[in-house]
Amino acid sequence: MSQTTSPDPNLSRRDFLKIAWAFFGGVALLETAGVFIAYLQPRLSEGEFGSLITVGLVDDFPPNSVTHITNGRFYIVRLGDGGFLSIYHRCTHLGCTVPWDQSAQKFICPCHNSQFDQQGIVENPPAPRPLDLFPVTIENGEVKVDTGVIIQRQSYETAQVVYP
Amino acid sequence: MTEQTPQPDPEPSMLDRMRGRLVPEGMPTDDRGRMRMVVDSLILHIHPTKVDSSTLKWTYTWGLGGLAGLLMAILGLTGAVLLNNYTPAAPQAYLDILELNSNVWFGELIRNLHHWSANLLIVVAVLHLIRVFVTGAYRPPRELNWLIGVAMLLLVLGANFTGYLLPWDQLAYWAITVGTSIISYVPVIGQWLSILVLGGPEVGANTLLNFYSMHISFIPLLIFGLMSYHFWRVRKDGGLTLPKAVDRAEAPKPERVTTIPHLVRRELIFAIAWIAALLVFSMLVPAPLEGIANPDVSPNPAKAPWYFMGLQELLLHFHPLVGAIVLPGLAIIGIFLLPFFDINLASVGVYFRSQRGRSLTLLGMGFALIATPTWVVLDEYILNWNAWLPTWDMLISNGLIPLAIILLPLILLDEWMHKTFQADTEERVLFIAAFLFTAFIVLTIIGIFFRGPGMSLYWPWNMPAAHG
């Protein structure tokens with residue numbers, strides 16, 4: 001009498017080894033990709049941009065002034081009430097450096113005409129969000145800006161301002 | 001019987017022996033000889049021994065594929081020697097370009113040749129893609145070669161973009177800043193990807209080094225690899241498709257001629273003519289060079305390289321996610337997938353498929369020529385989604401809404417083609433492609449010639465000088 005063989009519910013040795021090879025092969029591939037991606041990671045070696053910068057004394061910045069600190073890539077904005085904002089000069093649209101227009105009292109980007117007010121709020125598109133900020137700390141009357149931390153925001157809040 | 005012993009040949013001289021090895025059979029005198037020469041030669045045997053005479057007509061392929069290959073060779077050669085005079089570090093990179101232009105014998109010529117060949121290559125590659133598309137030469141069995149070709153087009157754009165940064169002048173620095181900013185709009189991984197590509201938070205020393213290394217190693221290696229594969233596949237797929245007159249019932253009778261001299265002679269003359277033209281152009285027109293890169297001063301206007309100006313113009317009208325990621329992404333995917341739409345093998349080799357195809361192409365181009373400038377002007381002066389819908393997220397008000405508004409007429413037009421003109425699938429694809437491509441060209445032209453300081457619209461003859 002012939003015996004019809006039904007499919008074996010247990011895994012054969014051959015299939016097990018195939019699956020094991022495929023699995024570990026996949027892991028090896030991922031590891032190789034990981035090695036190359038890790039290799040390509042940038043090392044933040046810049047001393048000026050990316051680190052804590054001391055810009056000067058509190059009294060160096062009169063109220064209602066905007067000062068461009070070029071090596072830090074930011075503006076020091078001192079509001080009328082004496083509070084400090086450190087605004088990253090990179091336009092939030094496509095990265096152009098936004099100059100401050102003293103007569104118009106606005107930041108006006110030359111690339112696509114995005115306009116921001118003194119606090120960096122968008123007054124004219126195509127910028128999708130206000131200008132980014134750097135954290136400001138005031139120690140012993142000195143104003144310090146940490147350019148290693150970029151603060152993105154959707155709107156202006158008074159908590160963002162630092163008072164001496 | 002007496003045998004006449006043949007006189008032994010006189011000892012061949014060394015020169016004779018060298019010449020003998022070079023062409024063992026002697027130069028061919030008949031067709032069999034010419035065919036054997038093709039097969040026996042490393043370079044010539046890229047060609048078949050015989051080709052169909054109808055494919056030799058210049059007005060069929062315009063020699064575009066071959067020209068692209070020639071330009072790659074010129075770029076490789078000029079690039080290799082330019083390496084001797086270049087250091088990928090600021091400010092030395094800029095000084096090296098100045099040195100090339102002044103103190104290096106023929107430095108300016110070789111740099112110009114490299115620059116103009118690179119720019120011409122983009123135009124030629126796109127024209128080649130269009131030629132293959134409108135003659136239907138991407139249809140089975142040639143789909144894989146189409147994919148390889150589109151991949152090479154993207155690599156060519158990558159080579160141009162990475163090379164653009166290398167002079168490290170204001171033009172280079174800000175074009176790449178604007179171009180790479182788009183990367184940060186990729187969903188989820190955008191910020192990480194941007195830092196990876198730039199080698200840091202902004203375009204800097206790492207960027208220059210990374211772009212240089214991509215430009216001279218990875219990208220050219222990939223292009224040459226794919227190019228070899230591309231040529232091999234042309235042969236494997238049966239050579240060039242045969243040109244056919246429009247709406248002819250049956251295929252023309254093939255007539256085959258030997259590659260030597262019919263094809264090779266044409267290729268040689270074509271190559272020499274183009275090399276001469278490029279040399280003359282490079283002697284007359286210098287490659288641009290502005291002041292050294294200054295991260296603190298963005299020029300006004302700050303423009304991407306000309307081949308990306310269509311994209312930059314698009315970005316003036318849409319939220320970056322829509323204008324830079326979604327639309328171009330869909331377009332590129334669409335181009336890759338073209339061979340897999342409904343196919344009609346009978347019209348392969350016919351320019352624009354059929355009489356109706358020709359009319360639809362012209363119609364598509366005409367619509368785009370009118371609609372695109374109209375919409376640009378409307379959007380510039382009248383439409384202001386952000387002001388009309390201030391509480392809505394800009395992604396919707398300045399992204400999805402204008403996208404829907406321009407896609408809707410396109411869908412309606414396609415329906416009209418289908419119902420009224422009885423267009424089949426490939427004719428509809430032709431219409432849509434003609435429309436979209438023409439629209440993109442118009443946007444590119446507007447971006448290059450009609451945008452000035454503040455990226456405002458100006459008539460080209462009224463263009464105020466750039467500052468910054």
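Proteins get letters first, then strands, A, B, ... in listed order; numbering begins at 1 in each.
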Could you tell me which portion of [X] (side chain, backbone, both or neither) has an atom closer than 4.5 angstrom to a non-hydrogen atom of chain A?
{"X": "Tyr185(B)", "value": "side chain"}
{"X": "Asp296(B)", "value": "both"}
{"X": "Leu316(B)", "value": "side chain"}
{"X": "Leu315(B)", "value": "both"}

Does the side chain of Pro135(A) reach to within under 4.5 Å of the side chain of Val145(A), using non-hydrogen atoms?
no
Under a 4.5 Å cut-off applied to non-hydrogen side-chain atoms, are Thr147(A) and Phe134(A) in contact?
yes
Using distance only, find each side-chain donor-acceptor pair of residues 157-164 of chain A under 3.5 Å and give its atom names and separation, not counting sequence neighbours.
{"unit_1": "Glu157(A)", "atom_1": "OE2", "unit_2": "Ser155(A)", "atom_2": "OG", "d": "3.1"}
{"unit_1": "Gln160(A)", "atom_1": "OE1", "unit_2": "Arg153(A)", "atom_2": "NH1", "d": "3.0"}
{"unit_1": "Gln160(A)", "atom_1": "OE1", "unit_2": "Glu157(A)", "atom_2": "N", "d": "3.3"}
{"unit_1": "Gln160(A)", "atom_1": "NE2", "unit_2": "Ser155(A)", "atom_2": "O", "d": "3.2"}
{"unit_1": "Tyr163(A)", "atom_1": "OH", "unit_2": "Asp81(A)", "atom_2": "OD2", "d": "2.7"}

Interface residue of largest heavy-atom contact number with chain B, from Pro128(A), Cys91(A), Ser114(A), under 4.5 Å
Pro128(A)
Do you know which of Thr70(A), Ile108(A), Val98(A) has the most heavy-atom pairs under 4.5 Å to chain B?
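Winner by heavy-atom pair count: Thr70(A).
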Interface residue of largest heavy-atom contact number with chain A, from Lys303(B), Gln312(B), Arg451(B), under 4.5 Å
Gln312(B)
Steps toward side-chain hydrogen bond (donor to acceptor under 3.5 Å, both in side chains) verdict (Asn10(A), Ser12(A)):
CA-CA 6 Å; Asn10(A) 301 316; Ser12(A) 76; over 6 Å; no
Report the relative orientation of the aromatic rings in Tyr212(B) and Tyr86(B); use parallel for angles under 30°, tilted for 30 to 60°, perpendicular for over 60°.
tilted
Could you tell me which portion of Arg129(A) (side chain, backbone, both or neither) has an atom closer than 4.5 angstrom to a non-hydrogen atom of chain B?
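Neither part.
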Validation: residues 61-69 of chain A side-chain donor-acceptor distances under 3.5 Å, sequence neighbours left out:
{"unit_1": "Asn64(A)", "atom_1": "OD1", "unit_2": "Gln118(A)", "atom_2": "NE2", "d": "3.4"}
{"unit_1": "Ser65(A)", "atom_1": "OG", "unit_2": "Pro62(A)", "atom_2": "O", "d": "2.6"}
{"unit_1": "His68(A)", "atom_1": "NE2", "unit_2": "His89(A)", "atom_2": "ND1", "d": "2.9"}

